[in-house]
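This one's a predicted model, so the numbers in the text were calculated from it and none came from an experiment.
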Amino acid sequence: MTEVSTDLGTGRASVGAVLDFAWEGGEFTATDVMARTALTRSTAIDAIETLLGANVLQELPNARVAGSYRSGRPARRFAISPDLGVVVGIDAGDTHLAVTVADALDRTLVHHRVEVDRTQPASVRRELIVEQVRTALDEAGVSPDHVLAVCAGVAAPVDRNGISPPHPEGFWERTNPGLAEALSAWAPVVEVKNDAQLAAIAEGALGAAIGCRDYVALLASERYGGGVVVDGHVLHGAHGGVGEGVVFDHIMGVGSAVGLPYSVQDVARHAVAAGDVSTDGALGRLVAEDRIDPRLVLTLAASGDADAVLVADRVGATLARIVGVLGSMYDPARVVVCGAVAESIEPVLAAARRILPEELHLPAPEILASTLGAEVVSVGAVVTARRAARERAVPQLAEQRLSVRA
């Protein structure tokens, strides 16, 4: 339940209960609140009035004005105020940066994505991220003081304070260049999280893991990394490193944490070099011209091209080994393969499903392709920012507004 840290007139429990209901209730009446929260009518009305006074709720035209009134006294109707504020979701990937500005409910106001230089220094990356947030807010026509919460996803483990541990080659410090501090002035609540964990949150909220309590969201585009959910909880770890992909560097039959598109390219080159694939075929020509588009290779496999099917089968065997390791460690019911590559990955998944039962003793998890595409981390960042706004920022805002009124 959302808690308000000080008494808001009717008590934190009743105000919190009404606020919780309001987020999910759309338009509602006091009777609706009573039916869902077990509050008495007087307590429900008092809590609603408190939230109206804080401008967290708005009162809508009554049924007579709206044209749906029939007889009797029309009920008062309420909803979350549309002017409450916005949230910002950031996907700060290795080679891209996406910023989303959304309202606190369900509407996206601005989303833009740019490519970035993976070799840029941490200081340059930090300045770029802050500047892109400022640009997105300007584009949305929103003042920075209307931002309720910010969530940034980075390709690094992140502890509960938003800090990444040192990496032997400095990669984690570069991908998370002190974002918790850099973004701290932008909102009452700022969270920095691992990108795979945000992918897991996105899949559980809007994707292929809705209703599932045990699953792994496997980011597979740049490098492999898993967001792990067990018993309905996203696992974190002391440094935010649960599901970190470096383990695959040490797994026989995998050998690297580089993502699935690179595996497709490598397997295609090796197949041609070994003579397993004809140099005269479509795949052979792609390799000869050094323009191996992984999506094109997988599209060829889906169409039945024998050479491309061979590549998909071999990549599928590697994926089965990866999923087998995840299955043995976390016992998920599903593994959802995420990222831009998921759009064309079905030939690889078909091969992995055939092989997977041999890779572990537990029942094999279901392997699914994400439907959230390249924006899965952005989706998870917005979902997380909205949750933070509902649970922390908005109650604080209501408290402040009522204190000023008093």
Hey, which of Leu260, Leu219, Val246 is the one that makes side-chain contact (heavy atoms from CB on, under 4.5 Å) with Tyr224?
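For Tyr224, the side-chain contact (heavy atoms from CB on, under 4.5 Å) check succeeds only for Leu260.
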Does a sphere of radius 6.0 Å around [atom1] in [X] hold more than 12 heavy atoms from other residues, nucleotides or ligands, not counting ones at 6.0 Å or beyond?
| X | atom1 | answer |
| --- | --- | --- |
| His146 | NE2 | no |
| Arg295 | CZ | no |
| His239 | NE2 | no |

Starting from the C-alpha separation in whole Å, work towards a yes-or-no answer on salt bridge (Lys or Arg N to Asp or Glu O under 4.0 Å) for Asp276 and Arg314.
CA-CA 12 Å; Asp276 298 332; Arg314 291 180 177 177; 3.1 Å; yes
What are the two closest heavy atoms between [X] and [Y], and how far apart are they?
| X | Y | value |
| --- | --- | --- |
| Val130 | Leu183 | CG2-CD2, 4.4 Å |
| Phe78 | Thr29 | CD1-CA, 4.4 Å |
| Ala200 | Gly227 | CB-O, 3.7 Å |
| Ala217 | Cys338 | CB-SG, 3.9 Å |
| Val229 | Val234 | CG2-CG2, 3.9 Å |

Dump the intermediate steps for side chain to side chain donor-acceptor pair (under 3.5 Å) on Asp117 and Thr119, then the final yes or no.
CA-CA 5 Å; Asp117 181 0; Thr119 65; 2.8 Å; yes
Run the salt-bridge test on [X] and [Y] with the 4.0 Å N-O cut-off and return the result as yes or no.
| X | Y | value |
| --- | --- | --- |
| Asp103 | Arg386 | yes |
| Arg392 | Glu191 | yes |
| Arg353 | Glu346 | yes |
| Arg118 | Asp94 | yes |
| Asp214 | Arg334 | no |

Reported [atom1]-to-[atom2] distance for the pair [X] and [Y], which is rounded to 0.5 angstrom:
| X | Y | atom1 | atom2 | result |
| --- | --- | --- | --- | --- |
| Leu128 | Glu131 | CG | CD | 8.0 Å |
| Asp32 | Phe21 | CG | CZ | 5.0 Å |
| Leu319 | Glu359 | CG | CD | 10.5 Å |
| Ile201 | Cys151 | CD1 | SG | 7.0 Å |
| His96 | Glu115 | NE2 | CD | 8.0 Å |

[X] side chain vs [Y] backbone, donor-acceptor pair below 3.5 Å:
| X | Y | value |
| --- | --- | --- |
| Ser256 | Val258 | yes |
| Thr43 | Leu39 | no |
| Asn194 | Ala196 | yes |

Could you pull out all residues at least two apart from Glu181 that satisfy side-chain contact (heavy atoms from CB on, under 4.5 Å)?
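With neighbours one apart ignored, the set is Arg126.
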Quick one: side-chain contact (heavy atoms from CB on, under 4.5 Å) partners of His167, sequence neighbours excluded?
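For His167 the side-chain contact (heavy atoms from CB on, under 4.5 Å) partners, ignoring immediate neighbours, are Glu169, Phe171, Trp172, Glu173.
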Name each donor-acceptor pair under 3.5 Å that joins a side chain in residues 366-377 to protein atoms two or more places apart or in another chain, with its distance.
| residue | atom | partner | partner atom | Å |
| --- | --- | --- | --- | --- |
| Ser370 | OG | Glu203 | OE2 | 2.5 |
| Ser370 | OG | Leu372 | N | 3.0 |
| Glu375 | OE1 | His111 | NE2 | 3.1 |
| Glu375 | OE1 | Arg113 | NH1 | 3.4 |
| Glu375 | OE1 | Ser378 | OG | 3.4 |
| Glu375 | OE2 | Arg113 | NH1 | 3.3 |

Evaluate salt bridge (Lys or Arg N to Asp or Glu O under 4.0 Å) for Glu24 paired with Arg390, printing each intermediate quantity in order.
CA-CA 11 Å; Glu24 307 298 339; Arg390 295 179 183 190; 2.9 Å; yes
